[in-house]
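Since the model is a prediction, treat every value here as computed from it, not as a measurement. Just so it is clear, the values below take in all heavy atoms, side chains as well, and ignore hydrogens, waters and symmetry mates. Counting starts at 1 for both ligands and their atoms, following the listed order. In this chain, numbering begins with 1 at the start of the sequence shown.
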Amino acid sequence: MLTRRGFAARLTLGAAAIRMSSEMAYAQRSAAHLAEVMSKDMVWLNSNENPAGPPAVSLDAMREALPVSGRYHYNEFNQIYKVIAGSEELTPDQIVTGAGSSEVLHTAVDAFTSATRPLISVTPAYEGPIELARALGRPVVLTKLREDYTADVKLLAEAARNANGGLIYLCNPNNPTSAAVKSSDVDWLVANLPANTMLLVDEAYIHFVESPDVKSALPYVRQGKDVIVARTFSKIYGMAGLRVGFAAAKPAIIQKLMPLQMNVVSIVSARGVVAALNDREKIVPERRAGFAKTRRELCTWLREREVKYIEPNANFIMIDTGRNAREFISAMPKLGVAPGRPFPPLDNMLRVTIGTDAEMAKFREVFWKVYKG
Ligand SMILES: Cc1ncc(COP(=O)(O)O)c(C=O)c1O
């Protein structure tokens, strides 16, 4: 006989099988058609990875960790959490780690949406949290972008108010648009969060921002507001395959996320992250400057050819191809460059990751060939 408790446990098991898709899964799904044209020389500009890979100090630390990875090293983790939290002037009880930020985004969506409490986001935004909420049977409310492609924080707040609360997902800078919300707008949103509303700010790309008007939402976490910030080591730190991310929030919120955490991260990845963080004051500005230079050169090249684009704030750019971008998505890989997937309703836009200078030279050649027809 199925008792009430047994039934609830089964429901929980069913829910546990639902996982948030990662950028890797989206890239893989949209690259299925590339099987015939796949070559080892393909320039991959499709999933916003960092071609620099992990910093040299992390590689050294991970090489040292490999031979001793036969043990769990549980006694080291308190110190690891202290370093990760301390890198952002937080305490260990204000963070929870995950396999990339995908895991912490998943736990936040699971914990702070329900059958009556929707996920609220702009469209298009990073698909992961939206698709996860739908898979979990949670309602989703999508709001329109402003003319300049940034999130309209007033519409997001209004949607939360109309639903009597919910989880607002704000990806800043936003994937796929690379547009960023000014900190004055985020200030307004935090000050005007409706009742029963949590704000989840996904800062996967925050390190690439150059504008002084755009800032991290971490100060709100330090002030104890109803704000969760998701961070990843996949982007500026170039560790996408190592799978480390964290959520930062006040301890009461972290306590709600912890039970949904899948597991600890691998000691090899954790040692790599700690080494990178210990050297972050050198690594982050150097890498940001390198990306910004390559990004600026691409923008200049596009402007000279009167090709429109959305002003980028991340390590990718949305280019207005002037026609359905699917034409580029299918033609470019045959010429050796894989751009991003389609992002409806922005059907004419092509998302392109900023790669190395050599990769961007190849991109320009191939893009122009397809553009000119
Ligand atoms: C906006 C955004 N958030 C989160 C992620 C998840 O990345 P990861 O799980 O590697 O941290 C991605 C991946 O590209 C992303 O674009």
Tell me which protein heavy atom sits closest to [atom], plus the residue, atom name and distance to 0.1 Å.
atom                    : value
atom 9 (O) of ligand 1  : Ser102 OG, 2.6 Å
atom 13 (C) of ligand 1 : Glu23 CB, 3.2 Å
atom 5 (C) of ligand 1  : Tyr126 CE2, 3.6 Å
atom 14 (O) of ligand 1 : Lys235 NZ, 2.8 Å
atom 3 (N) of ligand 1  : Asp202 OD2, 2.6 Å
atom 7 (O) of ligand 1  : Ser101 OG, 3.7 Å

Could you tell me whether [X] and [Y] have a side-chain N and a carboxylate O separated by less than 4.0 Å?
X      : Y      : result
Glu158 : Lys154 : no
Lys182 : Asp187 : no
Arg243 : Glu103 : no
Lys362 : Asp41  : no

Less than 4.0 Å is my threshold; does some heavy atom of [X] fall inside it relative to ligand 1?
X      : value
Asn48  : no
Cys171 : yes
Glu103 : no
Val244 : no

- Query: When only distance counts, is Tyr169 in polar contact with ligand 1, meaning an N/O pair under 3.5 Å?
  - Reply: no
Going by the atom numbers of ligand 1, which of them fall below 4.0 Å from some non-hydrogen atom of [X]?
X      : answer
Arg243 : 8 (P), 9 (O), 10 (O)
Ser234 : 8 (P), 10 (O), 11 (O)
Ala204 : 2 (C), 3 (N)

- Item | Student check: side-chain heavy atoms of Gln94 and Pro251 closer than 4.5 Å | yes
- Item | Face-on cation placement of Arg287 at Phe208 ring, 6.0 Å and 45° thresholds | no
- Message: When you group the ILVMFWY residues by side-chain heavy-atom contacts below 4.5 Å and let the links chain together, are Tyr149 and Leu298 in the same group?
- Response: yes
- Could you state whether Val209 and Tyr205 fall into the same hydrophobic cluster, counting links through intermediate Ile, Leu, Val, Met, Phe, Trp or Tyr residues with side-chain heavy atoms under 4.5 angstrom apart? no
- Query: How many angstroms lie between atom CZ of Arg296 and atom CD of Glu210, to the nearest 0.5 angstrom?
  - Reply: 5.5 Å
- Query: Given Phe233, Tyr205, Phe316, which has its nearest heavy atom closest to atom 15 (C) of ligand 1?
  - Reply: Tyr205
- Aromatic plane relationship, Phe77 with Tyr81 - under 30° parallel, 30 to 60° tilted, over 60° perpendicular: tilted
